[in-house]
Amino acid sequence: HEGTGFGGLYRRTVRYLRVRAAPGLSGEEVAHYGLNQQVRLDDWYVIADGYVWGRYMGRSSNLRYIAVGRATGKAEPGDYLVRV
C-alpha cells in the first residue's frame with residue numbers, strides 16, 4: 001500500500017533507527033540515526049513488512065527509506081518518528 005500526505009519534519013524517538021536503501025526489512029542498511037535527531041520526509045509512504053516507511057533524499061542524492069512505526073493505521077505512542 002502506497003500513499004501521500006506524509007511529508008514534513010520528524011523527530012526520532014529511539015536510540016538507533018536504521019536508514020535503508022529500499023523500503024522493507026531486507027533493504028540494505030546505509031546509515032542510522034539516534035535519539036531526537038530530525039529528518040524531513042517527502043510526501044510519500046509505503047507499507048512493507050508490517051511497518052510504514054517514509055522516504056527522503058539523502059546527501060548522496062539517493063532516495064533513503066526509514067521506518068516510521070508499525071502499520072496500525074494511526075499514530076501510536078511507540079512510533080519511531082513523530083511529526084515536529
Side-chain angles (χ1 to χ4, degrees):
H1 181 267
E2 269 188 50
T4 59
F6 220 67
L9 188 62
Y10 288 79
R11 179 181 51 81
R12 292 162 185 87
T13 63
V14 293
R15 292 187 188 274
Y16 191 97
L17 188 57
R18 290 171 176 86
V19 177
R20 299 187 182 268
L25 298 175
S26 62
E28 176 189 2
E29 183 178 345
V30 293
H32 69 274
Y33 292 103
L35 186 63
N36 291 325
Q37 288 184 298
Q38 295 183 349
V39 61
R40 184 168 301 279
L41 299 179
D42 66 16
D43 194 34
W44 174 93
Y45 74 91
V46 67
I47 295 174
D49 297 330
Y51 294 90
V52 176
W53 297 85
R55 112 183 143 186
Y56 68 95
M57 184 69 67
R59 290 188 192 139
S60 62
S61 296
N62 293 316
L63 286 174
R64 298 300 185 211
Y65 301 87
I66 195 164
V68 176
R70 295 231 175 245
T72 63
K74 59 186 173 62
E76 298 286 352
D79 283 350
Y80 310 135
L81 292 175
V82 293
R83 198 180 292 265
V84 175

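Residue numbers start at 1 and run along the sequence shown.
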Is there a side-chain contact between [X] and [Y] (heavy atoms, below 4.5 Å)?
{"X": "Arg70", "Y": "Tyr51", "result": "yes"}
{"X": "Leu17", "Y": "Leu81", "result": "yes"}
{"X": "Arg12", "Y": "Ile66", "result": "yes"}
{"X": "Gln38", "Y": "Tyr33", "result": "no"}

Donor-acceptor pair, [X] side chain versus [Y] backbone, under 3.5 Å?
{"X": "Asp43", "Y": "Phe6", "result": "yes"}
{"X": "Arg20", "Y": "Leu25", "result": "yes"}
{"X": "Arg83", "Y": "Gly7", "result": "yes"}
{"X": "Thr13", "Y": "Asp79", "result": "yes"}

According to a 4.5 Å side-chain heavy-atom criterion applied to Ile, Leu, Val, Met, Phe, Trp and Tyr, with indirect links allowed, do Met57 and Val68 form part of one hydrophobic cluster?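 Met57 and Val68: one cluster.
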
Given the rule that I, L, V, M, F, W and Y join up when any side-chain heavy atoms are under 4.5 Å apart, are Leu41 and Leu63 in one cluster?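 Same hydrophobic cluster.
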
Could you report the tightest heavy-atom contact between Ala48 and Gly24, atom names first, then the distance?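 What the structure gives for the nearest pair is CB-CA, 4.3 Å.
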
Which atoms form the tightest heavy-atom contact between Ala71 and Val52, and what is the distance?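 Looks like CA-CG2, 3.8 Å.
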
What's the spacing between [X] [atom1] and [Y] [atom2] if we round to 0.5 Å?
{"X": "Tyr16", "Y": "Leu35", "atom1": "OH", "atom2": "CG", "value": "14.5 Å"}
{"X": "Arg59", "Y": "Arg64", "atom1": "CZ", "atom2": "CZ", "value": "12.0 Å"}
{"X": "Arg55", "Y": "Tyr45", "atom1": "CZ", "atom2": "OH", "value": "13.0 Å"}

Test applied, side chain to side chain contact (heavy atoms under 4.5 Å, CB included); reference residue, Tyr10; option that passes from Val39, Val82, Val84: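 Of the listed residues Val39, Val82, Val84, the side chain to side chain contact (heavy atoms under 4.5 Å, CB included) partner of Tyr10 is Val39.
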
Parallel, tilted or perpendicular: which describes the rings of Tyr65 and Trp44, with under 30° parallel and over 60° perpendicular?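 Ring orientation, 0 to 90° scale: perpendicular.
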
